[in-house]
Structure formats: structure tokens, C-alpha cells
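Each remark here refers to the structure printed beneath this line.
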Amino acid sequence: MIALWPVMALGAALAMVLASRLLLHYFQLESYQFQGYFRTLLRQWKKAFYPGAVLFSVFCALHAILYLALQKYNAGFLSYALLIAAALIFVVFGYWQQKKATQTPQKKKFVITARVKRLYAVHGILLLVLMIFCYRWTGIPSLFKAPVLALLLPFVVALSAVIALPIEKTIFHLYFRDAEKKLLENDKLIRIGITGSYGKTSTKFILNTILSQKFNVLATPASFNTPMGVTRIVRERLSPSHQIFIGEMGARHVGEIKELARLVHPTIGILTAVGPQHLDTFRTIERIEKTKYELIDALPEDGFAVFSHDGAIVTKLHDKTQKPKALVGTENGDVWAENVHVSPEGSHFTLQIRGWEPMECVTPLLGEHNIQNILMACAVARHLGMNREQIARGIAALRPVEHRLQLLRSAGGITVIDDAFNTNPRSSKEALKVLSSFPGRRIIVTPGMVELGTEEDRYNYEFGLAMADAVDIAVLVGKKHTLPIQKGLKEKGFPEENIHAVASLDEALAFNRENLRPGDVVMYENDLPDHYSEG
């Protein structure tokens, strides 16, 4: 047996590498953040430890068979054949776990990026070293130490990521410096940063559409709002012909906006909102406020800052800012809206820009909060010298952003409002306003809100209270997580027979297929990633 211990070690290591796919996917879904990865392990502990438990059982069974067999056949061809067969069986079971992970329906696919390939390599080498130690130096009587490693697979993945971290930091630094250089080498490029607890992605798309009526604009796509995401877009897509770069800036920790600002060097900054988003990592609203203001701090003295009037934190931040600035959403500010009329078909309002004649505007975007996003974009457009006609043309060209109050007409006379991208305390209220404006029977499908720390239950309870006045049927995804929503609904006297708590989105869709009828309006409010699923 000693002669073939490398074969056993290699087979076991390869099996565990293959079985680690789900764990690596969790790590990717959490943006390679260790804190989020360990929260996922706690939340999804059964799924996370299942592949390792299966391999542990297989390892134990095979080791027992091998140990007994080799006591009788201590040498010769048969013993070697048994060892090689055991190694191959290890690999087969690891491959089976990998296939099981790939065949499970996934909302956000596991992407084999260059970083994932490097992590796989480090993970494989680490497992091989550990298995060699178990097989070579623990001795035959202690061979059962090796299978225990499979039970620790989630932690071995984390250790592999720790080992790979210096490599990733070095590579990221090189890419970061290259992107920064590319942004700065065109001294005429206007660089715009957008941040906020919510509204930043919608505002980015609106701003891109309006500014594109005059300028050649590059905006980060979708929700590319991390340093690595923005770096990638700059390196791959920014060209000398671009006149404006718009970078969305997201954060989960203090200092992350400062890092993005160090990359982009914004000359214009937009602060959309400060609210209880990602409270699980920020811990306090004060830390969120400090982080979002890092964008304004990064602007040059002759830069331009746009603030969304909220009568609270953002307005206070506007008042303390000494740099050139604009406040939008109030008659006491620089840009505001009057005669606002919101309907299921879109919005109509009178655009007021201080010093200009009023402009009548129509947009298919749903919700009053989108009008506020338009106002912020208009403030930037005016600052950059766009005229009335260009701004009006840009507003008319706006189209709903995918999964953000996107109105869809489905077959059978059913109206679908897709607001599945994300939800938070403010956007959920706006979404319910939109839903309540529609005629017919109103159905909401939602898992509620996440990443709100210790305040999560309270906000979901309040969501349930507000939901009771806006919907006729509530389909709640996640029987445990939505308990606070159910409590709020029931306390408002919402009929219990119209509350349907299901384990997964698939169950919710099945319920809709059986129960929706012509004239119904169904809103999908938030759609949590797979690692939040209770199903």
C-alpha cells in the first residue's frame, strides 16, 4: 500500500476538488468576501457540508474494505488493482457531486473566470499536500484521518482563498493601476461617479441615455460597481473617443467608495440616497453615511456634486458641502418636478430647472422615485451644457431598466411588473405604490428584504403592514424568512387564506400558473440569489 500512496492521495484530492464546485460558487456569489461566505455556510449548512459528507462516507467505506483486503493480500497485482480502483471510485464520487451542483437550477450561474481558475489550482494543490500528509506520514493504521478532511471541505475552500489572496491582490493592483492610467490619460474625459444606498443603477442608466444625446458615453453595465468590476470595464471598453465615463460605485464596508474614487478620479459625483442597505456589514447608518460621502470628498474643489433631496441625511450632506453642488427634488433646490402624475402606463411631470422655462415631460418609467432619478440626471446634463431640446429628447428615449419596475404584458391578459433585481425599505414602498395604482386583482411574489442586519425583521414586518393595503394575494418565498412579513399582514387584518408561504420561487411560479386569471397584475418584488434559498 505504501508504494501506491501517491495514487490514493491524488485520487482523493481530485475527488474533493470536483466536489467543491458548490462551495466555490458560494464564494463567487459573495464577491469573494470571507464574511459573506461564512454567513452563507451558516445559512446553507446542509447544502454546504453535504458533498463532503458523501465523500467522507465513501472514503470510510473504501478504506475499511482496503484495510481488510490488504491484510489478506499484502502484495501483488490484486493489492495494486484494489488501490487504483479505490482512487478511481473516489474521483467518480467527486465528479458525481460536481455534476449534481451543475445540474441544479441556478439563477446566477457559476462563471469560470481567471480568478476562479487560479483558486481551483491553489485549492487542488492544497488538498493534494494535505492528502499526501495523511497517506504518507500518518501511517496505515491512521488512514482514517484522511476521510475527515472531506468533512472540513468548506473550511479548506476558505483556507485556499486565504493562500490565493496575495496572488489576487497583486494581480488586482496591476489591473487597477492600468485602468486608472487609462482613465487619466485622456485629460478631456469627464468622469462621473454615482453612489447611494439605492437608486444608483437606475440613475446610471437614465444619465447614460440623456447624456448620450450629446456625448459619447461609456457607463459600467448592469451592476458592475466593485473595484474589480469597474476596472474590468475600463480596461476592456474605454476608448479615446469616449467623452464621458459613468462609474457606479457600490460598497459593503467603510472605505470601499474611497477605493473606487481613487480608481475613477471623478469630477462629478451623484449621491442618490443614504439608507439601511447592507446594515449586516456596515452595522450603523452613520457608517453608511460616512462611506457614501467618500465620493463627494474625492471630488476636486472645482468638481460638481448632485444630491437627491430627502429632507434628512442626504439634504444634510448637501448643506455641509462647500464644493459646487446641486440639490434636486425640492422647489428650494436647483431641479425639481411639478404636476406629477403617475399611472400604470408611466409618468408625466413638469420639469423645473432653475433659470429655465418649464418643460413638460413624459416617460414610460414607473414610480415617483424614477422621476427623482431623472431629476438628478438632468442636473448633471445642465451642468455639462446640454440644452432643453437635448434633455427633453433624452427623457423621451428612456426605457425601463431590466428587473426594475419593468412592465411586461404576458399572454392571457395578465400584467407582470418585474421588480426582481433588489428591494429595500424605500424601493419596496415605491413598488407597492405602483402596484396599487393598477386595476384588477393584485398579487405580489416576494422573499422580502435581506442584508439589513439586526433591523431586517423590523423592516420586513413594516413591509407586511404596507403590503396589506396594496395587494390582494401575497405569495411569500421562504417560509422562515418571511415570518415577519406574515406577522405584519395578519396584524393589518389581511385574510390569512390569501397568504401563501412557499419554499422557493419555483413553487411560487407553480402557484401563479394555477391561480392567475385574465386581468390580474402580478409583481415580482426581489429575487434572492440561490444561496439565500430555503428550498
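- For the residue pair Gln44 / Thr40, no side-chain donor-acceptor distance below 3.5 Å is found, with atom types taken as modelled.
- For Ala508 against Val445, the heavy-atom pair with the smallest separation is CB-CG1, 3.8 Å.
- To the nearest 0.5 Å, the span separating CZ on Phe245 from CG on Leu218 amounts to 5.5 Å.
- Taking the six-membered ring for Trp and thresholds of 30 and 60 degrees, His500 and Phe511 have ring planes inclined between 30 and 60 degrees apart.
- Taken from CD in Glu168 to NE2 in His173, the straight-line distance is 14.5 Å, to the nearest 0.5 Å.
- A distance-only check finds a donor-acceptor pair linking the side chain of Lys182 to the backbone of Arg235 [under 3.5 Å].
- Exactly one of Lys292, Glu256, Glu248 qualifies for a side-chain contact (heavy atoms from CB on, under 4.5 Å) with Thr195. That residue is Lys292.
- Judged by distance alone, with hydrogens and angles left aside, the side-chain atoms of Lys490 form no donor-acceptor pair with the main-chain N or O of Gln486 at under 3.5 Å.
- Looking at His481, its side chain does come within 3.5 Å of a backbone N or O of Met449 through a donor-acceptor pair.
- Electrostatic pairing of Arg458 and Glu462 counts as a salt bridge here, judged by a charged N lying under 4.0 Å from a carboxylate O.
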Check: Going through the distances and angles, do Asn424 and Ser197 end up as a side chain to side chain contact (heavy atoms under 4.5 Å, CB included)?
Finding: CA-CA 9 Å; Asn424 54 69; Ser197 298; over 6 Å; no

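- Atom CD1 of Ile473 is separated from atom CG of Leu516 by 7.5 Å, given to the nearest 0.5 angstrom.
- Of the options Ile246, Thr272, Asn208, a side-chain contact (heavy atoms from CB on, under 4.5 Å) to Thr203 is made by Thr272 and by none of the others.
- Counting only heavy atoms from C-beta outward, the side chains of Glu455 and Pro425 never approach each other to under 4.5 Å.
- A cation-pi contact, defined as under 6.0 Å to the ring centre and within 45° of the axis, links Arg115 to Tyr32.
- Remark: side-chain polar atoms of Lys204 are paired, donor with acceptor, to backbone N or O of Thr220 under 3.5 angstrom.
- With hydrogens and angles ignored, the 3.5 Å screen pairs no side-chain donor or acceptor of Asn526 with any backbone N or O of Thr446.
- Checking side-chain atoms of Ser20 against main-chain N and O of Leu23 turns up no donor-acceptor pair under 3.5 Å.
- The minimum heavy-atom distance linking Leu183 with Leu263 is given by the pair CD1-O, 3.5 Å.
- Across all their heavy atoms, Leu55 and Ala150 have their closest contact at CB-CB, 4.0 Å.
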Notebook entry, point to check: Should Leu22 and Tyr50 be marked as a side chain to side chain contact (heavy atoms under 4.5 Å, CB included) after you check the CA-CA gap, both sets of side-chain angles, and the distance that decides it?
Noted result: CA-CA 10 Å; Leu22 178 65; Tyr50 177 78; over 6 Å; no

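- The structure places CD1 of Ile443 at 9.0 Å from OH of Tyr524, a figure rounded to the nearest 0.5 Å.
- Annotation: Arg232, atom CZ; neighbour count of heavy atoms from other residues, nucleotides and ligands within 6.0 Å does not exceed 12.
- For the residue pair Tyr37 and Pro154, the shortest heavy atom distance occurs at OH-O, 2.8 Å.
- Judged purely by atom type and a 3.5 angstrom limit, Arg21 has no side-chain atom pairing as donor or acceptor with the backbone of Gln98.
- Under the side-chain contact (heavy atoms from CB on, under 4.5 Å) test applied with Val477, the options Leu509, Val502, Asp506 reduce to a single match, Val502.
- Across all their heavy atoms, Gly250 and Ile257 have their closest contact at O-CD1, 3.8 Å.
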Next item on the list: Step by step, work out the side chain to side chain contact (heavy atoms under 4.5 Å, CB included) result for Phe38 and Phe155.
Entry: CA-CA 9 Å; Phe38 283 112; Phe155 305 106; 4.0 Å; yes

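- Here NZ of Lys290 is found 11.5 Å from CD of Glu286. Values are rounded to the nearest 0.5 Å.
- Proximity of Met467 to Phe494: side-chain heavy atoms (C-beta onward) are nowhere separated by under 4.5 Å.
- Using a 4.5 Å heavy-atom threshold, the side chains of Leu432 and Phe463 count as touching.
- The minimum heavy-atom distance between Phe34 and Ala158, with the atom names listed, is CE2-O, 3.5 Å.
- Here the side chain of Thr284 pairs a donor or acceptor atom with the backbone of Arg287 at under 3.5 angstrom.
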Next item on the list: Apply the test side chain to side chain donor-acceptor pair (under 3.5 Å) to residues Ser428 and Glu525: give CA-CA distance (whole Å), side-chain angles for both, the deciding distance (0.1 Å), then the verdict.
Entry: CA-CA 8 Å; Ser428 64; Glu525 179 66 13; 5.6 Å; no

Margin query: Let's go through Ser239 and His242 carefully: what are the C-alpha distance in whole Å and the side-chain angles of both, what is the deciding distance for side chain to side chain donor-acceptor pair (under 3.5 Å) to 0.1 Å, and is it a yes or a no?
Written below: CA-CA 6 Å; Ser239 71; His242 285 118; 3.2 Å; yes

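- The line from CG of Leu476 to CG of Leu489 is 6.5 Å long, rounded to the nearest 0.5 Å.
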